[in-house]
2 protein chains.
Amino acid sequence: MADIDGAVREGRRERKRRQTRERIETTALKLFLARGFDSTTIEDITEAADVSKRSFFDYFPSKEDVVAAWQDGFAGELIAAVAAQPVDAPLVDVIETAINAALRATISDPQHLAIAILIRDTPALRARDQLKYAKLERKLTEALHARSSGAEGERLRLSVLAAAVVSMLRIGGERWNGAQNDLPLEEFASGMFHELWAALADLGVLARRHTSAR
Amino acid sequence: MADIDGAVREGRRERKRRQTRERIETTALKLFLARGFDSTTIEDITEAADVSKRSFFDYFPSKEDVVAAWQDGFAGELIAAVAAQPVDAPLVDVIETAINAALRATISDPQHLAIAILIRDTPALRARDQLKYAKLERKLTEALHARSSGAEGERLRLSVLAAAVVSMLRIGGERWNGAQNDLPLEEFASGMFHELWAALADLGVLARRHTSAR
DNA sequence: ATAAGTTTTTGCACTAAATGCAAATTTATA
DNA sequence: TATAAATTTGCATTTAGTGCAAAAACTTAT
């Protein structure tokens, strides 16, 4: 059952497990969008996906986690895009490029908008959505750190940078969803980044002024 | 039932309600610390606090919220400390002073350490703990915004600043809990702030370099 | 003080999430 | 084909959380 290069091919067992997981996820999302999150019971999901109710919990620890798993896509794209860049590229460019790539990948999913609305209108999912940002911040820090010298003073700097970026993402998301948008996403993002770097430059001045004034 | 200055005095009803709430909260925390969060049922709490099980939900929407309510103390202290400062004080000083005040208030609670450990060791509470940071970030942004000119470009800048500060708080918390600390909190915090302002100053340079290089 | 109105508390029934466990089924391996 | 390992299922159980209506406590005006 080993491949030519020694890797283990996906056997029937793995394949079925993956398929079942996907079936549960897509079925659940479809039902959530159709009837709402709270009004969809786990039994509804398992019945529609043709597995036992008990099996649901072999794949997802809770109903919310189905949506969270879907949301993790963005973070995955992001860290991949960070890792894909030349090691000598400037930090700021790396981030802007990576975020743009992740955004493109995310909005290419046709379900994206509907799920965003579902989350916005479902308290239990909104709470979970906040966690997504926290996780994203951690992962981005991690990805940036993997590229860097590994010096220990670096850590805080990268965390702060990641926090600033994620903060911009959050605000950008609100603005994007809030007002109706005439701009294409690329331009909108570009504008947000412009604001972000300006804000950081500005804060840098404040910080330096404070440090030297003593 | 009106006070001399027109304010309404706390009647028996309000007082009892407040007392009941406090009784539930302190009882719950005591039980959580004694038996653990998961092993304490809501019925355990209500029985010990001598109210009906149903009444618990008149005061807290869920078990987790009891701990969250306790945690909100820090945010409350923080925004009060921000608001208490002279309007012309430099932004960076306002933040450093306010955080220090809030930290002092928090660690003066003798339960603080035990609850921090409880949260760290309880998955359901850890998730909630992340939300605390998100909420803190929002509130800090809000408090800073209330002091500022109100210009609209300001918003992102203050959000980014708040995000940076909260990021430092998170890392500071980890470092503080992780390694055993010889330093007193004040000095530790001062060191963290020093790192934070240095990091911001640094990132400011990167941002400016990026913006001008086009 | 009492009556009338309002808020709070309680009891009860009920839904649904989540977990534990052991039996049954399916897949992999020798 | 036998045996071992992983997966799925069914069943029982606990507990969180909600809805609703009756009872109790409190407030206010007469």
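Below, read A as the first sequence line, B as the second, and so on, with proteins coming before strands; counting in each chain starts at 1.
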Between A:K53 and D:dG10, does any side-chain N or O lie under 4.0 Å from OP1 or OP2?
no
Which pairs would a plain distance check flag for residues 42-49 of chain B, meaning a side-chain donor or acceptor within less than 3.5 Å of a matching protein atom at least two apart in sequence or in another chain?
{"unit_1": "B:D44", "atom_1": "OD1", "unit_2": "B:T41", "atom_2": "OG1", "d": "3.4"}
{"unit_1": "B:D44", "atom_1": "OD2", "unit_2": "B:R35", "atom_2": "NH1", "d": "3.1"}
{"unit_1": "B:D44", "atom_1": "OD2", "unit_2": "B:T41", "atom_2": "N", "d": "3.0"}
{"unit_1": "B:D44", "atom_1": "OD2", "unit_2": "B:T41", "atom_2": "OG1", "d": "3.3"}
{"unit_1": "B:T46", "atom_1": "OG1", "unit_2": "B:I42", "atom_2": "O", "d": "3.2"}
{"unit_1": "B:T46", "atom_1": "OG1", "unit_2": "B:E43", "atom_2": "O", "d": "3.1"}

Taking ring pair (Phe, Tyr, Trp, His ring centres under 6.0 Å) as the definition, give me every residue that meets it alongside A:F74, ordered by chain and number, with sequence neighbours left out.
none
Strictly below 4.0 Å, heavy-atom distances to any atom of DNA chain C: list the hits from residues 119-127 of chain B, or just say none.
none
Partners of A:R157 by side-chain hydrogen bond (donor to acceptor under 3.5 Å, both in side chains), sequence neighbours excluded?
A:E154, B:D202
Quickly work out the A:R12 CZ to D:dA6 P distance and round it to whole Å.
18 Å
cation_pi(A:R170, A:Y133) dist<6.0 Å, angle<=45:
yes
Is the backbone of B:A105 close enough, under 3.5 Å, to the side chain of B:S108 for a donor and an acceptor to pair up by distance?
yes
Could you tell me how the ring of B:F56 sits relative to the ring of B:F60: parallel (under 30°), tilted (30 to 60°) or perpendicular (over 60°)?
tilted
A:K132: partners by salt bridge (charged side-chain N to carboxylate O under 4.0 Å, His left out), with sequence neighbours left out:
A:D129
Among residues at least two apart in sequence or on other chains, which ones pass side-chain hydrogen bond (donor to acceptor under 3.5 Å, both in side chains) with B:K135?
B:D72
Could you give the CZ-to-C1' distance, from B:R18 to D:dA25, as a whole number of Å?
18 Å
Can any side-chain N or O of B:R147 pair as donor or acceptor with the backbone N or O of B:P86 at less than 3.5 Å?
yes
Please name all residues satisfying side-chain hydrogen bond (donor to acceptor under 3.5 Å, both in side chains) with B:E64, sequence neighbours left out, ordered by chain then number.
B:S62
Selection: residues 23-48 of chain B, any non-hydrogen atom under 4.0 Å of DNA chain C:
none
May I ask you to list the residues of residues 54-68 of chain A, by number, that have any heavy atom positioned under 4.0 Å from an atom of DNA chain C?
A:R54, A:F57, A:S62, A:K63
Would you list the pairs meeting salt bridge (charged side-chain N to carboxylate O under 4.0 Å, His left out) in which at least one residue belongs to residues 22-34 of chain A, sequence neighbours left out?
A:R18-A:E22
Is any side-chain N or O of A:K16 closer than 4.0 Å to OP1 or OP2 of C:dT26?
no
Are side-chain N/O atoms of B:Q111 and B:W70 paired as donor and acceptor at under 3.5 Å?
no
Give me the distances for all protein-to-nucleotides 5-7 of chain C N/O pairs that come in under 3.5 Å?
{"unit_1": "C:dT6", "atom_1": "O2", "unit_2": "B:R13", "atom_2": "NH2", "d": "3.1"}
{"unit_1": "C:dT7", "atom_1": "O4'", "unit_2": "B:R13", "atom_2": "NH1", "d": "3.0"}

With sequence neighbours left out, which residue pairs that include part of residues 110-125 of chain A fulfil the salt bridge (charged side-chain N to carboxylate O under 4.0 Å, His left out) condition?
none
